[in-house]
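Here's the structure, in structure tokens; my notes come after.
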Amino acid sequence: MSEPSAPISELAWRELLFQHTEGLPAAFAAGPVTGYCGFDPTASSLHVGNLVPVMGLVHLQRAGHRPIALVGGGTGMIGDPSGRSSERTLQTLETIAENAAAIRAQLAKFLDFNGPHGAKLLNNADWLAPLSLLEFLRDTGKHFSINYMLAKDSVKSRLETGLSFTEFSYMLLQAHDFLELHRREGVSLQIGGSDQWGNITAGLELIRKTTGGEAHALTFPLITNADGSKFGKSTGGGSVWLDPARTSPYKFYQFWIGADDRDVSRYLRFFTLLARAEIEALDEAVRTAPGQRAAQRALAADVTTRVHGTDAARVAQEVSALLFEKADPQGLSDAALAALREEIPFAVYAAPADGPALSEGIDVYECLTTLGIAASRGVAKRLLEQGGVSINGTKLTAADRVVGAERLLRGRHLLVKKGAREFGLVHVPA
RNA sequence: GGUGAGGUACUCAAGUGGCCAACGAGAACAGACUGUAAAUCUGUCGGCGCAAGCCUUCGAAGGUUCGAAUCCUUCCCUCACCA
């Protein structure tokens, strides 16, 4: 690796810099800096909204510094009031431990754990759990005035609606973490979302008071969507998770493909490691040929590959090409066919009692109704008459009510399509 | 509790004895166009049926009639005004 360089300029052009302490550029210039970022184990998976701080750590490492990801197994038991309008529900110890383990595994995909500035994953439960209350009050609490704590935005905004002593104490725990990491690992930088500024600076304060050492803070901007919706929600409204069991790689890929033209340039900067020249070329492509959506494709391919791996990303692309770009279903890979079954309605065909026997062919009405694509046979019929149905990529007419078995795809499958984007997959037993 | 108005298909809303599966608008769906965008234009829009046609619907249940969403009875519900 090259000499540690300041990631400041890199973060700046990527528009990832919200604010940082004054001495940070000098600290970066002086040599490798160890920086950390905390992740709440409130769920068993990270979601795309967590990706900004994750990428922050990645940039730190790429610039020759040493990143530490801290899973909040201890603080997760308390709950950060920052950016929250109401008290958090506490979670059980077991849930938090499980979540922490799952998040660790996801973070491992982004960071390099080998080499002189290899990343490290820590859990603050390791030192917070054994910490005694008296010890905490003497060593940490003593350094903070209530006035100081009340002045923090995270607290101030909650004075009206109410805030428990537990959540009020949160910033001290986070400060304690920072100090602990400063001592154990030589950490001198904490990064996080812009809402973390208050908590981070509490840590700087504690480090300065107890050790006289200098430490720094760096925060990222809040991600916004151009249309005013909340970033990280799928069209259905649910969060987009990194866990493939929660959000399939195909849906994950589609989330990025669907990025608004007005957002895609920023997202490329935030979430990919593409070089500046490449991203600027894609910006240009959005301006000159928005219909190509080259930027969205690049974004989706890059992020999906990093999170789910090359194979899963390829399958997601293949399925997307089939469903949205009229790719030939005959060329579908087995993996894509298997993925498809999970994404679109799937049914096993049974010849209807009053319809054509299986030997005569496959009844299209039956396929449409059992898949739930058409509410009734009458609707199915009208669809066919209007040219709204195609099978394996070929448009059917009113005369094609029964299709021959020779049209089945590998594994005796039939890809049924209604209109532009509603699909179903039928398996026809031999 | 009293008086008045009303309950029609996904929504709004016509229809007051046969021409009503029920005007019209919106939504939705399909086709053309398109960028997995938006707009626009065309078509469809209770079920079964290739069709002729049949079946089930107009708050619910009964009744009158050759025939009812439309008339009568009872019941249920909503809204408005008065107390």
Side-chain angles (χ1 to χ4, degrees), chain A residues 225-229 233-237 240 247-268 282-304 313-329 332 336 339-340 343-345 351-357 360-391 393-403 415-424:
Chain A
N225 278 349
D227 62 7
S229 58
K233 297 289 178 193
S234 64
T235 39
V240 178
T247 300
S248 71
Y250 163 74
K251 291 205 175 67
F252 188 85
Y253 180 85
Q254 281 292 321
F255 168 76
W256 298 105
I257 278 286
D260 194 296
D261 287 356
R262 295 167 293 176
D263 291 321
V264 70
S265 292
R266 278 163 51 244
Y267 293 174
L268 279 167
L282 289 166
D283 290 350
E284 187 57 26
V286 172
R287 268 193 298 279
T288 56
Q292 299 296 311
R293 298 180 323 117
Q296 280 90 342
R297 286 170 209 279
L299 174 68
D302 189 276
V303 184
T304 308
R314 198 181 306 116
V315 167
Q317 280 181 66
E318 205 182 329
V319 172
S320 297
L322 177 77
L323 299 187
F324 295 105
E325 288 159 34
K326 305 183 183 86
D328 182 8
L332 212 56
L340 204 53
E343 302 300 341
I344 62 178
D354 53 353
E360 299 169 47
I362 296 121
D363 183 11
V364 175
Y365 291 2
E366 186 65 18
C367 291
L368 289 165
T369 50
T370 51
L371 284 167
I373 287 176
S376 69
R377 301 172 75 78
V379 172
K381 179 186 161 228
R382 282 192 289 268
L383 278 171
L384 218 59
E385 281 168 354
Q386 293 181 125
V389 180
S390 60
I391 291 271
T394 316
K395 188 170 277 193
L396 300 184
T397 66
D400 297 314
R401 180 182 164 177
V402 176
V403 300
L415 180 71
V416 182
K417 175 178 153 196
K418 169 199 162 197
R421 67 184 78 155
E422 194 173 347
F423 292 84

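Since the model is a prediction, treat every value here as computed from it, not as a measurement. Letters A, B, ... are given to chains in the order of the sequence lines, protein chains preceding strands, and every chain is numbered from 1.
Atom CZ in A:R293 sits roughly 10 Å away from atom P in B:rG35 (whole-Å rounding). Atom P of nucleotide B:rA37 and atom CD of A:E325 are separated by 12 Å, given to the nearest angstrom. One can place CG of A:L384 at 12 Å from P of B:rG31, the figure rounded to the nearest angstrom. The CG atom of A:L383 sits 16 Å away from the P atom of B:rA28 (whole-angstrom rounding). Across the protein-nucleic acid pair, A:K395 atom NZ and B:rG31 atom C1' stand 7 Å apart, rounded to whole Å. Summarising the geometry, the separation between CZ on A:R421 and C1' on B:rU34 is reported as 11 Å, rounded to the nearest angstrom. Taking atom NZ of residue A:K326 and atom C1' of nucleotide B:rG35, one finds them 11 Å apart after rounding to whole Å.
B:rU73 is paired with B:rA61 under the Watson-Crick or G-U wobble criterion, all donor-acceptor distances under 3.5 Å. If you check B:rA38 for Watson-Crick or wobble pairing at under 3.5 angstrom, you find it has no partner at all. In this structure B:rU16 sits in no base pair that meets the Watson-Crick or G-U test at under 3.5 Å. Remark: B:rC81 base-pairs with B:rG2. Criterion, Watson-Crick or G-U wobble with two distances under 3.5 Å. Shown here, B:rG26 forms a base pair with B:rC10; the pair counts as Watson-Crick or G-U wobble because both key distances fall under 3.5 Å. When both pairing distances are held under 3.5 Å, B:rG53 makes a Watson-Crick or G-U pair with B:rC48.
Taking each heavy atom of A:G393 and A:P329 in turn, the nearest pair found is N-CG, 4.1 Å.
One P atom belongs to B:rG24, the other to B:rC45, and the distance between them is 12 Å to the nearest Å. Of the C1' atoms belonging to B:rC48 and B:rU56, the separation is 11 Å, rounded to the nearest Å. Nucleotides B:rU11 and B:rC19, compared at atom C1', are 28 Å apart to the nearest Å. One P atom belongs to B:rU70, the other to B:rA60, and the distance between them is 10 Å to the nearest Å. Between the C1' atoms of B:rC23 and B:rU16, the separation comes to 15 Å (whole Å). B:rU57 sits 10 Å from B:rU8 when the C1' atoms are compared, rounded to a whole Å. Rounded to whole Å, the separation between the P atoms of B:rC10 and B:rC54 comes to 24 Å. For the C1' atoms, the distance linking B:rC79 with B:rU64 amounts to 31 Å, nearest Å.
Side-chain atoms of A:I391 and A:T394, non-hydrogen and from C-beta on, never get closer than 4.5 Å to each other. A:L282 is not listed as a side-chain neighbour of A:L299, based on a closest heavy-atom distance of 4.5 Å or more.
RNA chain B lies under 4.0 Å from at least one heavy atom of each of the following residues of residues 254-264 of chain A: A:Q254, A:I257, A:D261.
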Checklist entry - Which letters describe nucleotides 44-51 of chain B, given B = protein heavy atom under 4.0 Å from base, S = only from sugar-phosphate, - = neither? => result SS-SSSSS

Item to check | CA sep, side-chain torsions, deciding dist, call: A:W256, A:V240, side chain to side chain contact (heavy atoms under 4.5 Å, CB included) | outcome: CA-CA 10 Å; A:W256 298 105; A:V240 178; 5.5 Å; no

Checklist entry - How far apart are the C-alpha atoms of A:Q296 and A:D261, what are their side-chain angles, what is the distance that settles it, and do they pass the side chain to side chain contact (heavy atoms under 4.5 Å, CB included) test? => result CA-CA 8 Å; A:Q296 280 90 342; A:D261 287 356; 3.0 Å; yes

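A donor and an acceptor atom, one from each side chain of A:D260 and A:Y267, are nowhere located under 3.5 Å apart.
Within 6.0 Å of CD on A:E284 lie more than 12 heavy atoms contributed by other residues, nucleotides or ligands.
Ion pairing between A:E318 and A:R314 fails under the 4.0 Å rule for side-chain N and carboxylate O. Salt-bridge check for A:R382 with A:E385: failed, with every basic side-chain N at 4.0 Å or more from each acidic carboxylate O. Salt bridge annotation for A:E325-A:R293: absent, with no cationic side-chain nitrogen under 4.0 angstrom from a carboxylate oxygen.
Residue A:E422 holds its CD atom at 9.0 Å from CG of A:L383, rounded to the nearest 0.5 Å.
When heavy atoms are screened at a 4.0 angstrom cut-off, A:G291 is found touching base atoms of the nucleic acid.
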